[in-house]
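When a residue number appears, it is its place in the shown sequence, counting from 1. The structure presented is a predicted model; accordingly, all values stated were derived computationally and were not measured.
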Amino acid sequence: MTPERFDIYDDKQNWIGTSLRSEVHAKGYWHRSFHCWIVRDKGEQRRVLFQRRRDIKDTFPGCYDITAAGHLTAGEQLQDASRELEEELGVYTPFEALTYLLTATQQLQGEVRGVPFIDREFSAVYGLCLNQPLEAYVLQPSEVDSLYEVPLDDLLALFRNEIDVIQATGVQTHPLSDQAAYKPERVVREIRATEFVPHGTAYYIDVLEALYHVPKE
């Protein structure tokens, strides 16, 4: 497999070249990413979906995160990056169906299995209303451990520190063979804000508030 290369930028979003993914995270080069949060309407209640990252990920393994997200590889545009929905969740939707929410400038860092990383991203954030059950999603085994949903009101209250924990219903898949056949299993988890990727409280509040305005399917 050819190693991933990203376009890299200065802190003013001026393009300065390309670099390998491993170097981008090791040296803290600015790069671009795509975020998409999916909501669904259940009666009068709007619910929001989020994933748990696989434990093998090179950044924030095992943390809860955006419904689907990914880096833009060298030469890609945002329209191309929406492929993450198909790859991670089996969702086929045109880029034009997504609702732009905001652009976030983020600097995250940490250490995984003894290897430090610095993740500096310009992240374009989108929303999508998709009224299908969790079992209809096809999770990418190398990326997504499980997929959850909670009332949007509850997740927003969690990041506003109005409540300490939420109860989320999810679906988890287990490999049955090397051909990636999967059997979904319903799970219920109690989740705290500290278990999410630390995008920052302001990021989560701004995005979740914007999700109320994503058009219904």
Less than 4.5 Å apart, any side-chain heavy atom of [X] and any of [Y]?
X	Y	value
Asp55	Asp145	no
Leu85	Tyr92	no
Ile66	Val197	no
Leu98	Cys36	yes
Leu130	Val91	yes
Val187	Thr169	no
Phe50	Val150	yes
Gln167	Val188	yes

Taking [X] first and then [Y], would you say they form a salt bridge - that is, a charged N and a carboxylate O separated by under 4.0 Å?
X	Y	value
Glu135	Arg186	yes
Glu88	Arg53	no
Lys42	Glu149	no
Glu23	Lys27	no
Glu143	Arg54	no

Do any N or O atoms from the side chain of [X] and from the backbone of [Y] form a donor-acceptor pair under 3.5 angstrom?
X	Y	value
Asn131	Asp41	yes
Ser123	Ser33	no
Arg32	Tyr9	no
Asp7	Ala74	no
Asp154	Pro151	no
Gln106	His199	yes
Glu195	Arg192	yes
Arg120	Val24	no

Discussion item. Under the criterion side-chain contact (heavy atoms from CB on, under 4.5 Å), I'd like the reasoning laid out for Glu121 against His35: C-alpha separation, chi angles, the key distance, then a yes or no.
Written reply: CA-CA 11 Å; Glu121 299 184 6; His35 297 179; 4.0 Å; yes
Ignoring hydrogens, what is the shortest heavy-atom contact between [X] and [Y]? Give both atom names and the distance.
X	Y	result
Arg113	Ile56	NH2-O, 3.2 Å
Leu158	Ala193	CD2-N, 3.7 Å
Glu209	His213	O-CD2, 3.6 Å
Arg46	Cys129	NH2-SG, 3.8 Å
Ala168	Ile191	CB-CD1, 3.8 Å

Discussion item. Checking Thr99 against Leu128 for the side-chain contact (heavy atoms from CB on, under 4.5 Å) test, could you report, in this order, the C-alpha distance in whole Å, the side-chain angles of both residues, the deciding distance, and whether it holds?
Written reply: CA-CA 6 Å; Thr99 299; Leu128 173 67; over 6 Å; no
Discussion item. For Phe6 together with Tyr29, are the ring centres under 6.0 Å from each other?
Written reply: no
Worksheet item: Between Phe95 and Tyr126, does the ring centre distance come in under 6.0 Å?
Response: yes
Please determine whether residues [X] and [Y] belong to a single hydrophobic cluster, defined as Ile, Leu, Val, Met, Phe, Trp and Tyr linked transitively by side-chain heavy-atom distances below 4.5 Å.
X	Y	value
Phe122	Val207	no
Ile8	Trp30	no
Ile166	Val39	yes
Trp15	Leu78	no
Phe159	Val165	no

Discussion item. Evaluate Phe60 against Phe117 for ring pair (Phe, Tyr, Trp, His ring centres under 6.0 Å), listing each step before the verdict.
Written reply: CA-CA 10 Å; Phe60 303 108; Phe117 67 88; 5.1 Å; yes
Fill in: Intermediate values then yes/no, side chain to side chain donor-acceptor pair (under 3.5 Å), Arg52 and Ser146
CA-CA 5 Å; Arg52 182 183 182 275; Ser146 44; 5.3 Å; no
Practice prompt. Give the C-alpha distance, both sets of side-chain angles, the deciding distance and a yes or no for side-chain contact (heavy atoms from CB on, under 4.5 Å) between Ser82 and Phe34.
Written response: CA-CA 7 Å; Ser82 60; Phe34 165 85; 4.0 Å; yes
Item to complete: I would like to know whether Arg40 and Glu217 meet salt bridge (charged side-chain N to carboxylate O under 4.0 Å, His left out); could you show each step before the answer?
Response: CA-CA 8 Å; Arg40 80 178 182 109; Glu217 185 180 21; over 6 Å; no
Practice prompt. Compute whether any side-chain donor of one residue and acceptor of the other, for Asp153 and Tyr212, lie under 3.5 angstrom apart.
Written response: yes
Worksheet item: Without hydrogens or angle criteria, can the side chains of Thr201 and Tyr203 be said to hold a donor-acceptor pair below 3.5 Å?
Response: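 The answer is no; no qualifying pair exists.
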Practice prompt. For residues 8-20, pull every pair meeting salt bridge (Lys or Arg N to Asp or Glu O under 4.0 Å), keeping only residues two or more places apart or in separate chains.
Written response: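 Those involving residues 8-20 do not exist here.
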Atom [atom1] of [X] and atom [atom2] of [Y]: how far apart are they, to the nearest 0.5 Å?
X	Y	atom1	atom2	value
Leu101	Thr103	CG	OG1	9.5 Å
Tyr204	Asp206	OH	CG	12.5 Å
Glu87	Ser142	CD	OG	8.5 Å
Thr59	Ile118	OG1	CD1	13.0 Å
Gln51	Leu147	CD	CG	7.5 Å

Discussion item. Can you classify the ring geometry of His71 versus His31 as parallel (below 30°), tilted (30 to 60°) or perpendicular (above 60°)?
Written reply: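 Ring orientation, 0 to 90° scale: tilted.
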Item to complete: Decide side-chain contact (heavy atoms from CB on, under 4.5 Å) for Asp80 and Leu72; before the verdict, give the C-alpha distance in whole Å, the side-chain angles of both, and the deciding distance to 0.1 Å.
Response: CA-CA 8 Å; Asp80 305 315; Leu72 274 67; over 6 Å; no
Worksheet entry | Option from Leu49, Leu152, Val48, Val214 for which side chain to side chain contact (heavy atoms under 4.5 Å, CB included) with Trp37 holds | Val48
